[in-house]
**Q** 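Could you have a look at this structure, given as C-alpha cells, before my questions?
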Amino acid sequence: MVKICCIGAGYVGGPTMAVIAVKCPAIEVVVVDISKPRIDAWNSDKLPIYEPGLDEVVKACRGKNLFFSTDVEKHVAEADIIFVSVNTPTKTRGLGAGKAADLTYWESAARMIADVSKSDKIVVEKSTVPVKTAEAIEKILTHNSKGINYQILSNPEFLAEGTAIEDLFKPDRVLIGGRETPEGRKAVQALKEVYAHWVPEENIITTNLWSAELSKLAANAFLAQRISSVNAMSALCEATGANVSEVSYAIGKDSRIGPKFLNASVGFGGSCFQKDILNLVYICECNGLPEVANYWKQVIKINDYQKSRFVNRVVSSMFNTVSGKKVAILGFAFKKDTGDTRETPAIDVCKGLLGDKAHVSIYDPEVTEDQIQRDLAMNKFDWDAYEATKGAHAVCILTEWNQFKELDYQKIFDNMQKPAFIFDGRNVVDAEKLRGIGFIVYSIGKPLDAWLKDMPAIA
Ligand code: UDX
C-alpha cells in the first residue's frame, strides 16, 4: 500500500488529501499538523474550514484510509510520498521584507523530514513557493541524507476557496514538475499514477521543476492582472458613462479573452494573489529584471487604487465627511461562500472609513466577531443585515453574498437616515430598483447618478 503524508492541515492540505483519499481507496493518507486544536477539529464533526462538499468527502474516508494526526514524525517516517503544504507568508522583517516569501516553515519541515526518514522519499511542494525553492530543499535533504534518496517534485495547487472540492474533483489541469533524470522521471510517474485515479491523462501536465514552480506564480499573477485590468476600466467607465458590465461582456465574447474573471469589484483579496505577485516582483528584482518587476507591481497598485477610490467615493458623496455617521458594511469576507478574511478589501475600506471617523457597523454571514476584532481591533459586529443598517447614513456592499440580492431594501431604506446611500462594491444589487425606492446608488464602473456626478471623488 502506498502511504502518503501531508504536512500542514490547512485550506490546501486538508481538502486535497481528503480528495486523494476518497479517489484512491488503496492509498493511506495521513494529514499531520503540529496544531492540536486544528487536528482535533479535522477529527470532529465541525471541520476547521468551510468548503461545500468537504464534509461528505471527509466522512466517506476518515478512519478508513484518511487520518489526521499530530504525530508528525511517525507518519513522515512511514510515508512514501510527503506533501508539504505549510504556510509561505510574505516576510515581514529582514532581507526582502514585504516582498519575499517566508520559507521558515518550509525549511523546518525539510529538516524534520531529513531527521526522521529511514527510507527513500518523494517530497512534493504543494504550497506556493518562490522559483528554485526545490533546489534549496534538495540541498537540505541531500546534505542530511544518511544515504536516503530524495526526489523533490513541484505540484502546485490551483484550487480556489469556496469551490475547492469541485476544483479538486475536476481540475482544469494537474501540474507536476520534477528533475529530468531517470530517478526524477520515476518520481513524477509515481505521483502521476495517484492523480490518474480520477484525472484524465491529457490533463496531467509534466514539466521541469522550475516551470512548475513558476507556472503557479504566473497563473495567479495573470488572474489578478485580469481583475486589475477590469477594475482600471471601471474607473474609466464611471468617468465616461460607459458600463463596465457591458464592456466585460463585449470583450469576453472574444474567445481569446474569454468571459471568466472579468467582474469589476472593490478589489481582489485572498491569501494568494497579493502574496504571489509580491513574490514574483521580488524574484524579478533579484534576477536583475526591474522592468518586469515594475510591470507586475502595477497590478497591486491598481488594486490599492481601487480600494481607496471606493472609500473616496463614499466620503465625497456624503458631503466630504463621514465623521460621526453610521456606515453599514455588508460583507467582510474576501469573496462569497467563505469566512476567510485574509487580504480582504473590506479591511482597507473599513480602515479608510474609520480614519475619517465613521461609525462602522459590520455584517457578514460567515465571518466571526473574533475575526473582525483581530482584523480591525474593533468589535462593532451585527448578527443581522437589518440591524447593521438601522439608522445608517450609508450601506457599503463589499462581498457578493447571494443573500444581499434578496434583502428587503424598502425596509432598510425606511430605517436609514436620509439621504440614504448604497455603495455597491460588487455590483450585486439592482441599482434601478433601489433608486426607485429612493436610495442614491453607486455601482462600481456603472454610469453615475446626478448626485454622484455633482460630488466627484478625488482619488
Ligand atoms: C485564487 C486562484 O483562483 C486559485 O487558482 C489559487 O490556487 C489561489 O488563489 P482564491 O484566492 O481562493 O483563489 O479566490 P478567487 O476566486 O480566485 O478570487 C480572488 C479575489 O478576486 C477575490 O477577492 C474575488 O472577489 C476577486 N475577483 C475574482 C474579482 O474581483 N473579480 C473577478 O472577476 C474574480
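Counting starts at 1 for both ligands and their atoms, in listed order.
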**Q** May I ask you to say whether K99 pairs ionically with E285, meaning some side-chain N is under 4.0 Å from a carboxylate O?
**A** yes
**Q** Look at E432 together with R435 and state whether they make a salt bridge at an N to O cut-off of under 4.0 Å.
**A** yes
**Q** Run the ring-centre check on F439 versus W451 and record whether the distance is less than 6.0 Å.
**A** no
**Q** Compile the protein residues with any heavy atom at a distance under 4.0 Å from an atom of ligand 1; present them by chain, then by number.
**A** E157, F158, L159, A160, E161, K216, N220, L223, I227, F261, L262, N263, S265, F268, G269, C272, F273, F334, K335, R426
**Q** Under 3.5 Å, is there a donor-acceptor pair between the D102 and T104 side chains?
**A** yes
**Q** Is a side-chain donor-acceptor pair under 3.5 Å present for Y195 with N155?
**A** yes
**Q** Judged by modelled atom types alone, do D424 and S443 share a side-chain donor-acceptor pair under 3.5 Å?
**A** no
